[in-house]
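As structure tokens, the structure follows; a few thoughts come after it.
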Amino acid sequence: MFDKILIANRGEIALRVIRACREMGIASVAIHSTADEDAMHVRMADESVCIGPAPSSASYLSMPAIISACEITGAQAIHPGYGFLSENAGFVQMLEDHGITFIGPRAEHIRIMGDKITAKDTMKALGVPCVPGSDGGVDDVADAQKVAAEIGYPVIIKATAGGGGRGMKVAQDEKGLEVAFRTARAEAKAAFGNPDVYIEKYLQRPRHIEIQVFGDGKGRAVHLGERDCSLQRRHQKVLEEAPGPVITDAQRAHIGQVCAEAVAKISYAGAGTIEFLFEDGEFYFIEMNTRLQVEHPVTEAIFGVDLVRQQILVAAGEEMEFQQDDLSIRGHAIEVRINAEKVPGFTPCPGRISQYHAPGGLGIRIDSALYDGYSIPPYYDSLIGKLIVHGRDRREALARLDRALGELIVDGVDTTVPLFRDLLQEPDIQSGNYSIHWLERWLDRKY
Ligand code: ADP
């Protein structure tokens with residue numbers, strides 16, 4: 001087992017990893033930018049190293065600075081968290097060259113899944129059902145029109161290098177296709193340096209259902225059921241729950257097995273998420289994320305497992321602590337993302353926290369790097385905490401969430417907390433009757 005792990009991240013996810021390390025008796029090293037000198041992850045880690053100025057490009061994304069920090073502190077492995085360098089195959093390769101272990105999958109798998117066209121081809125070949133669309137990339141308007149006519153409108157044009165909900169354009173008919181195609185390519189080129197796009201059928205009212213998988217890197221893999229992440233704004237998740245309110249045990253067992261077998265076949269190592277759109281009882285693969293997800297705690301709650309601990313074990317060459325038969329679901333869990341943002345525009349709201357009080361009691365988990373007097377810097381994303389509740393069933397989880405949100409105090413900045421309290425009053429949320437478009441329509445009506 002490792003003696004020391006460096007966490008190449010900040011905020012709540014850095015704390016999450018430090019906590020797992022501490023329980024495993026592993027020393028932790030925090031890295032931070034000059035803007036994060038007073039951040040909680042720096043305070044909580046056993047050691048810390050300042051790796052550069054505030055902009056992420058010069059600090060949390062600076063591979064040479066991070067590798068130097070490893071060498072100075074003697075850390076043997078790096079946990080990347082999510083975002084930043086977590087899905088950067090070049091970084092993983094560089095670590096390998098320096099004899100540092102990456103806590104995550106092999107570079108090859110990150111590379112395959114990081115390119116959505118290759119990912120889809122690979123998944124199709126592994127027997128995973130995909131959204132109907134172009135086989136591979138689409139290079140010109142004429143080609144796009146041909147594919148769209150075949151699969152039928154509306155269609156969505158997606159960047160193969162896309163991520164974070166960017167690089168997607170919907171075309172309702174042939175008239176709109178040319179503009180959508182050209183804008184998607186231009187945006188993809190500007191945002192990701194790669195203009196390649198592909199086409200998919202645009203599903204009208206799907207749910208976003210993702211399957212958590214975990215592989216030992218030696219050909220064995222399990223699934224840990226699904227998360228329903230349909231409540232989205234601009235393709236960004238806002239609330240997640242597990243199990244999915246409309247997924248049956250038989251559907252879970254079937255798609256779970258398909259996913260576990262797919263990742264077992266490629267000897268995938270560590271945590272991964274296979275994302276699907278789900279409509280009329282059918283699953284359609286959209287992408288795979290080769291890292292720990294923001295919303296992993298809802299899965300941890302209902303399965304009673306520590307996913308970060310398993311990641312560390314597998315990276316160290318040890319066995320994961322469960323097999324498929326050991327995994328069963330207990331109760332229902334919901335996570336809400338608390339962002340420092342002003343609703344309804346969702347404009348970021350950095351600033352000083354004048355008062356912070358976390359809720360407590362049965363079935364409550366808070367993953368947050370906030371504290372009284374903390375100043376949220378303007379340089380990074382606006383997620384300041386996650387509130388996760390666990391109950392015996394969905395009704396209890398919803399009641400507990402409302403209760404916990406009532407106890408939570410975050411003064412000094414605007415947050416998404418009032419939005420969640422409003423949402424919980426909605427009959428559709430109470431009954432679980434929502435697709436990926438529900439939230440945006442509700443926001444338009446409400447504000
Ligand atoms: P990203 O990597 O940017 O997150 P994804 O491929 O995971 O992109 O898609 C993000 C979201 O975009 C999905 O959760 C869904 O809301 C929407 N989306 C993607 N593909 C389709 C599609 N074919 N039909 C309808 N909505 C889609």
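What's counted below: heavy atoms across the whole structure, side chains too, no hydrogens, waters or symmetry copies. Residue numbers count from 1 along this sequence. Whatever order the structure lists them in is the order used to number ligands and atoms, beginning at 1.
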Pairs involving residues 160-169, ordered by first then second residue, that meet salt bridge (charged side-chain N to carboxylate O under 4.0 Å, His left out) (sequence neighbours left out)
K169-E187
Are any of the side-chain nitrogens in R309 or E321 under 4.0 Å away from the carboxylate oxygens of its partner?
yes
So side chain to side chain donor-acceptor pair (under 3.5 Å) across residues 130-150, not counting sequence neighbours, yields K124-D135
Summary of salt bridge (charged side-chain N to carboxylate O under 4.0 Å, His left out) pairs that have at least one residue in residues 253-282, sequence neighbours excluded
R205-D280, K237-E275
Less than 4.0 angstrom from a charged side-chain N to a carboxylate O is my criterion; do E12 and R16 meet it?
no
Could you list each N/O atom of ligand 1 together with any protein N/O atom closer than 3.5 Å, one pair per line with the distance?
{"unit_1": "ligand 1", "atom_1": "2 (O)", "unit_2": "K116", "atom_2": "NZ", "d": "2.8"}
{"unit_1": "ligand 1", "atom_1": "2 (O)", "unit_2": "E287", "atom_2": "OE1", "d": "3.1"}
{"unit_1": "ligand 1", "atom_1": "2 (O)", "unit_2": "E287", "atom_2": "OE2", "d": "2.8"}
{"unit_1": "ligand 1", "atom_1": "3 (O)", "unit_2": "G164", "atom_2": "N", "d": "3.2"}
{"unit_1": "ligand 1", "atom_1": "3 (O)", "unit_2": "G165", "atom_2": "N", "d": "2.5"}
{"unit_1": "ligand 1", "atom_1": "4 (O)", "unit_2": "E287", "atom_2": "OE2", "d": "3.4"}
{"unit_1": "ligand 1", "atom_1": "6 (O)", "unit_2": "K116", "atom_2": "NZ", "d": "3.1"}
{"unit_1": "ligand 1", "atom_1": "6 (O)", "unit_2": "K158", "atom_2": "NZ", "d": "3.0"}
{"unit_1": "ligand 1", "atom_1": "7 (O)", "unit_2": "E275", "atom_2": "OE1", "d": "3.0"}
{"unit_1": "ligand 1", "atom_1": "7 (O)", "unit_2": "E287", "atom_2": "OE2", "d": "2.7"}
{"unit_1": "ligand 1", "atom_1": "8 (O)", "unit_2": "K116", "atom_2": "NZ", "d": "2.9"}
{"unit_1": "ligand 1", "atom_1": "12 (O)", "unit_2": "H235", "atom_2": "ND1", "d": "3.0"}
{"unit_1": "ligand 1", "atom_1": "14 (O)", "unit_2": "H208", "atom_2": "ND1", "d": "2.8"}
{"unit_1": "ligand 1", "atom_1": "14 (O)", "unit_2": "Q232", "atom_2": "OE1", "d": "3.4"}
{"unit_1": "ligand 1", "atom_1": "14 (O)", "unit_2": "Q232", "atom_2": "NE2", "d": "2.9"}
{"unit_1": "ligand 1", "atom_1": "16 (O)", "unit_2": "Q232", "atom_2": "OE1", "d": "2.8"}
{"unit_1": "ligand 1", "atom_1": "20 (N)", "unit_2": "K158", "atom_2": "NZ", "d": "2.9"}
{"unit_1": "ligand 1", "atom_1": "23 (N)", "unit_2": "E200", "atom_2": "OE1", "d": "3.0"}
{"unit_1": "ligand 1", "atom_1": "23 (N)", "unit_2": "K201", "atom_2": "O", "d": "2.9"}
{"unit_1": "ligand 1", "atom_1": "24 (N)", "unit_2": "L203", "atom_2": "N", "d": "3.0"}

Pair E210 + R227: basic N to acidic O under 4.0 Å:
yes
